[in-house]
**Student:** 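Got a structure for you, written out below as structure tokens; questions coming shortly.
From a predicted model like this one, the values you see are computed outputs, not experimental measurements. Naming convention: chains lettered A, B, ... in sequence-line order (proteins, then strands); numbering from 1 in each chain.
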Number of protein chains: 2
Amino acid sequence: MTSGRLTATEMRAWRAYAETIDHLRAALEADLVPHGLSLGDYEVLVILSESVDGRLRMCDLSNELGLSPSGLTRRLDGLVKADYVARTQGTSDRRVMYASITSEGRHALQRAVPDHVRSVRTHLIDRLTPAQVTALGDIFRAVGDGLGRQSRSGT
Amino acid sequence: MTSGRLTATEMRAWRAYAETIDHLRAALEADLVPHGLSLGDYEVLVILSESVDGRLRMCDLSNELGLSPSGLTRRLDGLVKADYVARTQGTSDRRVMYASITSEGRHALQRAVPDHVRSVRTHLIDRLTPAQVTALGDIFRAVGDGLGRQSRSGT
DNA sequence: CAGATATATTTGCGCTTACAATCATTGAGA
DNA sequence: TCTCAATGATTGTAAGCGCAAATATATCTG
């Protein structure tokens with residue numbers, strides 16, 4: 001630790017970050033509304049579409065999403081009703097449920113991806129210089145690595 | 001717009017960001033638990049403590065927090081019950097309610113601030129070089145400025 | 001093999017939040 | 001002044017999510 005307080009520069013960086021991330025999320029979410037998808041729905045479809053056979057066990061999917069198991073159950077309800085995802089029971093282990101993206105879901109994702117990419121560009125990437133984009137990645141990889149190790153002293 | 005797709009570098013930056021911010025928020029939130037405060041509660045106390053007379057109209061406070069009016073009403077309920085915030089009716093305009101931080105609230109904030117600052121340092125600032133801290137501020141000011149202007153073409 | 005333990009998922013419940021409706025008060029125009 | 005739109009706050013309602021409990025199945029242990 002460097003000091004018990006934040007320098008002016010540190011404070012400015014922290015405040016800029018804290019005040020902006022919610023607005024950014026809201027903007028990205030708003031741009032998905034025309035596709036009838038929430039950001040959370042979109043993430044489900046992306047992860048499933050990138051998975052083998054387009055499917056994943058519920059528990060693996062909830063880990064990927066950083067969502068609780070119950071949260072995932074309810075999130076899937078909507079996607080199943082929209083016919084974007086199907087639930088199929090595991091054959092070898094009958095406890096497990098697989099969430100699998102349907103062809104409807106793949107089509108919906110294909111329609112949404114260009115707008116979403118454009119949205120990420122518009123609100124984030126294109127606001128930055130190439131050097132800043134690189135810095136952004138470096139910064140959050142460093143922060144993410146730190147959070148992973150979670151080196152709390154006491155616990 | 002530069003391109004309809006993301007370059008590898010852009011994708012890496014975006015994914016690092018997207019995967020990390022929720023973890024960071026969770027870590028900061030967890031470090032406030034011993035103080036019996038959520039991050040949202042903490043923000044309320046900070047904003048009120050920095051305001052004239054330690055109080056703010058509900059609507060101004062909800063704007064500062066980026067919270068809906070109804071959300072603020074319910075959030076204050078908890079802080080009022082904890083005696084950290086008091087509601088007082090406006091004198092000139094009897095529609096307005098002021099949320100004002102109590103001395104209990106100021107004490108609670110004083111107790112929490114050092115831990116929170118340490119938390120921000122541990123999880124964010126100290127993971128970065130000074131140059132990265134500066135870059136972080138520049139990046140999110142640029143992004144925030146862009147979101148403010150919201151230059152959507154169609155609407 | 002039986003019983004205990006672990007794992008995968010869903011359901012019950014409560015918390016937080018936003019949107020829409022409601023109520024109270026203010027300010028502006030006829 | 002009286003009316004009506006605008007403003008500030010709260011309440012009703014619903015959606016999203018996590019925790020704990022419940023359920024079903026699998027695995028380990030004696």
**Student:** Find out whether A/Asp115 and A/Asp31 are in side-chain contact, i.e. whether some heavy atom of one side chain is under 4.5 Å from a heavy atom of the other.
**Tutor:**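 SC-SC contact between A/Asp115 and A/Asp31 ruled out.
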**Student:** Measuring to OP1 and OP2 of C/dA8, would you say a side-chain N or O of A/Arg57 lies under 4.0 angstrom away?
**Tutor:**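 For C/dA8, OP1/OP2 do have a side-chain N/O of A/Arg57 under 4.0 Å.
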**Student:** Measure the distance from CG on A/Leu72 to P on C/dT11 and round it to the nearest whole Å.
**Tutor:**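 Value for this atom pair: 13 Å.
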**Student:** For C/dT9, does the base pair up with any side-chain atom of A/Arg95 as donor and acceptor (N or O, under 3.5 Å, distance only)?
**Tutor:**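 A donor-acceptor contact between them is absent.
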**Student:** Using a heavy-atom cut-off of under 4.0 Å over every strand shown, decide if A/Ser92 touches base, sugar-phosphate, or nothing.
**Tutor:**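 Sugar-phosphate: the residue A/Ser92, judged by heavy atoms under 4.0 Å, touches backbone atoms but no base.
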**Student:** Return yes if some donor-acceptor pair links the side-chain N/O of A/Thr102 with the main-chain N/O of A/Asp83 below 3.5 Å, else return no.
**Tutor:**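 Checked: pair present.
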**Student:** Would you say A/Arg94 reaches D/dT25's phosphate, i.e. side-chain N/O to OP1/OP2 under 4.0 Å?
**Tutor:**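 For D/dT25, OP1/OP2 do have a side-chain N/O of A/Arg94 under 4.0 Å.
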**Student:** Under 4.0 Å between a side-chain N or O of B/Arg87 and OP1 or OP2 of D/dT10?
**Tutor:**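 Checking D/dT10 against B/Arg87, a side-chain N or O does come within under 4.0 Å of OP1 or OP2.
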**Student:** Does A/Gly66 or A/Thr91 map to a spot on DNA chain D nearer the 5' end, using the closest nucleotide for each?
**Tutor:**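 It is A/Gly66 whose nearest nucleotide is closer to the 5' end.
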**Student:** Start at the 5' end of DNA chain D and walk down; is the nucleotide closest to B/Leu56 or to A/Gly40 reached first?
**Tutor:**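 Nearest nucleotide further toward 5': that of B/Leu56.
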**Student:** Tell me the interatomic distance from A/Leu76, atom CG, to D/dG16, atom C1', rounded to whole angstroms.
**Tutor:**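 The answer, rounded to whole Å, is 14 Å.
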**Student:** D/dT10 P sits how many Å from B/Tyr98 OH, rounded?
**Tutor:**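 Those two atoms, OH and P, are 14 Å apart.
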**Student:** Whether A/Arg75 contacts D/dC17 is assessed here as follows: a side-chain N or O lying under 4.0 Å from the phosphate OP1 or OP2. Is that the case?
**Tutor:**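 A/Arg75 to D/dC17 OP1/OP2: side-chain N or O found under 4.0 Å.
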**Student:** Rounding to an integer number of Å, can you tell me how far A/Leu61 CG sits from C/dT9 P?
**Tutor:**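 So the CG-P distance, A/Leu61 to C/dT9, works out to 10 Å.
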**Student:** Verify salt bridge (charged side-chain N to carboxylate O under 4.0 Å, His left out) between B/Arg25 and B/Asp22, making sure each step is shown before the conclusion.
**Tutor:** CA-CA 5 Å; B/Arg25 180 187 295 269; B/Asp22 285 338; 5.1 Å; no
**Student:** Start with the C-alpha gap between B/Met58 and B/Leu76, add the side-chain angles, then the distance that decides, and say whether side chain to side chain contact (heavy atoms under 4.5 Å, CB included) holds.
**Tutor:** CA-CA 10 Å; B/Met58 292 293 283; B/Leu76 272 205; 3.4 Å; yes
**Student:** Using whole Å, report how far CG of B/Leu67 lies from C1' of D/dT10.
**Tutor:**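 Checked: the CG to C1' distance equals 14 Å.
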**Student:** In whole angstroms, how far is the C1' atom of C/dT17 from the CG atom of B/Leu79?
**Tutor:**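 Rounded to whole Å, this separation is 15 Å.
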**Student:** Could you tell me the separation between the CG atom of A/Asp77 and the P atom of D/dG16, rounded to a whole number of Å?
**Tutor:**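 So the CG-P distance, A/Asp77 to D/dG16, works out to 10 Å.
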**Student:** Roughly, in whole Å, what's the span from CD in A/Glu29 to P in D/dA15?
**Tutor:**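 Taking CD of A/Glu29 and P of D/dA15, I get 15 Å after rounding.
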**Student:** Select from A/Arg74 and B/Gly71 the residue whose nearest nucleotide in DNA chain C is closer to the 5' end of that strand.
**Tutor:**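 Closest to the 5' end, via its nearest nucleotide, is A/Arg74.
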**Student:** Between the side-chain atoms of B/Ser70 and the base atoms of C/dA18, is any donor-acceptor pair under 3.5 Å?
**Tutor:**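 Per atom types, the contact qualifies.
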**Student:** Evaluate salt bridge (charged side-chain N to carboxylate O under 4.0 Å, His left out) for B/Arg74 paired with B/Asp77, printing each intermediate quantity in order.
**Tutor:** CA-CA 5 Å; B/Arg74 267 82 173 230; B/Asp77 289 345; 5.4 Å; no
